[in-house]
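Here is the structure we will look at, set down as structure tokens.
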Amino acid sequence: MKKGLVAVLFAAFAALIGHRFLQLRELALASREVPLRHLPKCQLLKNIDYGAEDVTILRDGLAFLSTGLKYPGLPSFSNDPGKIYILDMLDPRLRPVELQIKGQLDLSSFNPHGISVYTDDADDSVYLFVVNHPHNGSQVEIFEFVEENTLVHKKTITHDLLHSVNDIVAVGVESFYATNDHSFPYDGLHFLTVFLGLPWCNLVYYSPKEVRVEGNGFLSANGINMSPDQRYIYVSDILDHEIDVFERQKGDHLAHVKSVAVESLCDNIEVDHETGDLWLGCHPNGMKIATNDPKDPPGSEVIQIQNIHSEQPVVTQVYADDGSVIIGSSVAAPYGGKLLIGTVYHKALCCNLK
């Protein structure tokens, strides 16, 4: 009797484990292949050899690139610290320049991830917010961008709620929303929550006066950005294959408005300054981005969302590659008829949109 019960329980447990592994493969889109959809006149950027995980472009065409990310569970091909580059999208040479960093920051462990820019209307000062993972930690650095291609480090921000920050959108000189892509700061516990399908990742609001959770229910909260009128916040729930839309309310609280399916593992979000369209750097197949098999490399995909606040947003695949040109796209930013595509650990590509 007891042996029979044990056998039944063991079989049920094995069936549960098998079912969860199948669901994990579905979350990772492990069987997905996408046909090629290339753009005209593409060129790889010089000096970007170890990824440009996040990119953001100012209205004047200056693009900031976060490079050299070392992220647990993903390949890394350089032991050098990460760097921040600047690129003038109006310069036909498209030549990234490394920014010099001044201040009290330990550059030997600099490991930049998501980035955001805030321009202070009071004096037009430009601040670059950078998610940094020194020694696998999680903190936010605030820099001021000054002349002569220099960043001056102003402040380091740490907090218990900012335990696994992936991306950030600045809404003030020292305030921002940030996504945590792990439920817990420990990889093992986070994997367990994903394996069990527990949506425990969150979205955090930070200001010098208050730090609080502003959104819950994400399997893995990834890219984040804001509408040009600063009314809406967009968050990529990468494992749910959707973009969540929140409306900013009094006191910088957020109210969930809707979710838009994208059918891909979309990483960072950039927003067109003029049209408000969302541009997403996506991973067509999550298993490939983790394994990075040279014989079957990870592909890249760029998705555009138009009219996201309408009843029928238009979701369009703009670019797709099988890894023969660019591996593991994580961000896509349009400017002046061009599209700048960054990756987690490969290169950066700039293409004409027409």
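Because only heavy atoms are used, hydrogens play no part in the values below, and waters and symmetry mates are left out as well, while side chains stay in.
- Each of Thr343, Val344, Leu349 was scored for a side chain to side chain contact (heavy atoms under 4.5 Å, CB included) with His346, with one residue passing: Thr343.
- With respect to the salt-bridge test (charged N to carboxylate O, under 4.0 angstrom), the residues Glu274 and Arg59 qualify.
- In the hydrophobic clustering of ILVMFWY residues, with side-chain heavy atoms under 4.5 Å counting as a link, Leu162 and Ile142 come out together.
- The residue from Phe64, Tyr127, Tyr118 that alone fulfils the ring-ring contact (aromatic ring centres under 6.0 Å, His included) condition with Phe145 is Phe64.
- Not a single donor-acceptor pair under 3.5 Å links the side chain of Thr150 to the backbone N or O of Val146.
- Asp160 CG: 12 or fewer foreign heavy atoms inside a 6.0 Å radius.
- Between the side chain of Ser330 and the backbone N or O of Glu53 there is at least one donor-acceptor pair closer than 3.5 Å.
- With Ser236 as the partner, the side chain to side chain contact (heavy atoms under 4.5 Å, CB included) test is satisfied by one option alone out of Cys266, Cys282, Ser220: Cys266.
- With a 4.5 Å cut-off on side-chain heavy atoms, Lys347 and Leu45 do not count as touching.
- Between Cys201 atom SG and Asn216 atom CG the span is 10.0 Å, to the nearest 0.5 Å.
- Under the 3.5 Å distance criterion, with hydrogens and angles disregarded, a donor-acceptor pair is assigned to the side chains of Tyr205 and Asp252.
- Atom CG of Asp49 and atom CG of Asp80 lie 11.0 Å apart (nearest 0.5 Å).
- Looking at every heavy atom in both residues, Pro334 comes nearest to Leu339 through N-CD1, 3.9 Å.
- By the 4.5 Å heavy-atom criterion applied to side chains, Ile303 and Val318 are not counted as neighbours.
- Smallest separation of non-hydrogen atoms from Ile57 and Ala63: CG1-CB, 3.7 Å.
- For Gln104, the CD atom is loosely surrounded, since the number of other residues' heavy atoms within 6.0 Å does not exceed 12.
- No donor-acceptor pair closer than 3.5 Å links the side chain of Asp293 to the backbone N or O of Pro297.
- When the side chains of ILVMFWY residues are joined at heavy-atom separations under 4.5 Å, either directly or via intervening members, Val302 and Leu39 end up in a single hydrophobic cluster.
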Where do Leu87 and Val97 land on the side-chain contact (heavy atoms from CB on, under 4.5 Å) test, with the steps shown first? CA-CA 6 Å; Leu87 172 69; Val97 175; over 6 Å; no
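- For the pair Ser300 (side chain) and Ser329 (backbone), a donor-acceptor distance under 3.5 Å is present.
- Linking ILVMFWY residues whenever their side-chain heavy atoms come closer than 4.5 Å, directly or via other members, places Val260 and Val271 in the same cluster.
- Comment: Lys209 does not engage Glu174 in a salt bridge, judged by the lack of any side-chain N to carboxylate O separation of less than 4.0 angstrom.
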Step by step, work out the side chain to side chain donor-acceptor pair (under 3.5 Å) result for Asp244 and Ser259. CA-CA 4 Å; Asp244 291 306; Ser259 299; 2.4 Å; yes
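- Taking the six-membered ring for Trp, Phe218 and His256 have ring centres at least 6.0 Å apart.
- Going from atom NZ of Lys70 over to atom CZ of Phe110 covers 10.5 Å, rounded to the nearest 0.5 Å.
- Side chain of Arg248 to main chain of Gln230: a donor-acceptor pair is present (N/O by atom type, distance under 3.5 Å, no hydrogens or angles).
- Val314 and Tyr234 are not part of a single hydrophobic cluster, where members link through side-chain heavy atoms under 4.5 Å apart.
- Within 6.0 Å of CZ on Arg212 lie more than 12 heavy atoms contributed by other residues, nucleotides or ligands.
- Scanning all heavy atoms of the two residues, the minimum distance from Leu94 to Pro96 falls at O-CD, 3.4 Å.
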Salt bridge (charged side-chain N to carboxylate O under 4.0 Å, His left out) assessment of Asp91 paired with Arg93: CA-CA 5 Å; Asp91 186 340; Arg93 296 173 298 174; 2.8 Å; yes
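- Between the side chains of Glu141 and His153, at least one donor N or O sits under 3.5 Å from an acceptor N or O.
- Using a 4.5 Å heavy-atom threshold, the side chains of Leu65 and Ile86 count as separate.
- Here the side chains of Trp279 and Val331 are not in contact, with every heavy-atom distance at 4.5 Å or above.
- A donor-acceptor pair shorter than 3.5 Å can be found between the side chains of Asn202 and Asn180.
- In summary, the side chains of Asp181 and Ser164 do not present any donor paired with an acceptor at a separation below 3.5 Å, with no hydrogens or angles considered.
- Glu214 and His253 are linked by a side-chain donor-acceptor pair at a separation below 3.5 angstrom, with hydrogens and angles left out of the test.
- A side-chain donor-acceptor contact under 3.5 Å links Ser264 and Glu301.
- At a threshold of 4.5 Å between non-hydrogen side-chain atoms, the residues Asp237 and Asn222 do not count as touching.
- In this structure, the ring of Tyr206 has its center less than 6.0 angstrom from the ring center of Phe176.
- The main-chain N or O of Thr193 is never found under 3.5 Å from a side-chain atom of Ser183 such that the two would form a donor-acceptor pair.
- Residue Val325 comes nearest to Leu44 through the heavy atom pair O-CD2, 4.2 Å, listed as atom of the first residue, atom of the second, then distance.
- One N or O on the side chain of Asn285 and one on the backbone of Lys288 form a donor-acceptor pair closer than 3.5 Å.
- Rounding to the nearest 0.5 angstrom, the gap separating the CG atom in Asp321 from the SG atom in Cys351 is 9.5 Å.
- Counting all heavy atoms, side chain and backbone alike, His133 lies closest to Gly137 at ND1-O, 2.8 Å.
- Within the model, atoms NE2 of His163 and CZ of Phe184 stand 8.0 Å from one another, a figure rounded to the nearest 0.5 Å.
- Two residues are said to be in side-chain contact when any heavy atoms from C-beta on lie closer than 4.5 Å; Leu69 and Thr67 fail this criterion.
- With hydrogens and angles ignored, the 3.5 Å screen pairs a side-chain donor or acceptor of Asn132 with a backbone N or O of Asn111.
- Checked against side chain to side chain donor-acceptor pair (under 3.5 Å), Lys338 has no partners two or more places apart in sequence or in another chain.
- Partners of Cys350 by disulfide (SG to SG under 2.5 Å), not counting sequence neighbours: none found.
- In this structure, CZ in Arg32 is found 14.5 Å from CZ in Arg25, a value given to the nearest 0.5 Å.
- Side-chain contact between Leu254 and Gln249 is absent, with no heavy-atom pair separated by less than 4.5 Å.
- By the rule that hydrophobic residues join a cluster once side-chain heavy atoms approach within less than 4.5 Å of another member, Ile341 and Leu353 end up as members of one cluster.
- Under a 3.5 Å cut-off, the side chain of Ser138 and the backbone N or O of Val165 do form a donor-acceptor pair.
- Using a 4.0 Å cut-off between charged side-chain N and carboxylate O, Lys258 and Glu247 make no salt bridge.
- Glu98 and Gln100 form no side-chain donor-acceptor contact under 3.5 Å, judged by distance and modelled atom types alone.
- With hydrogens and angles ignored, the 3.5 Å screen pairs no side-chain donor or acceptor of Asp54 with any backbone N or O of Ser66.
- Using cut-offs of 30° and 60° on the angle between ring planes, the pair His113 and Tyr71 is perpendicular.
- Here the closest heavy-atom approach between residue Gln306 and residue Gln304 is recorded as CG-NE2, 3.6 Å.
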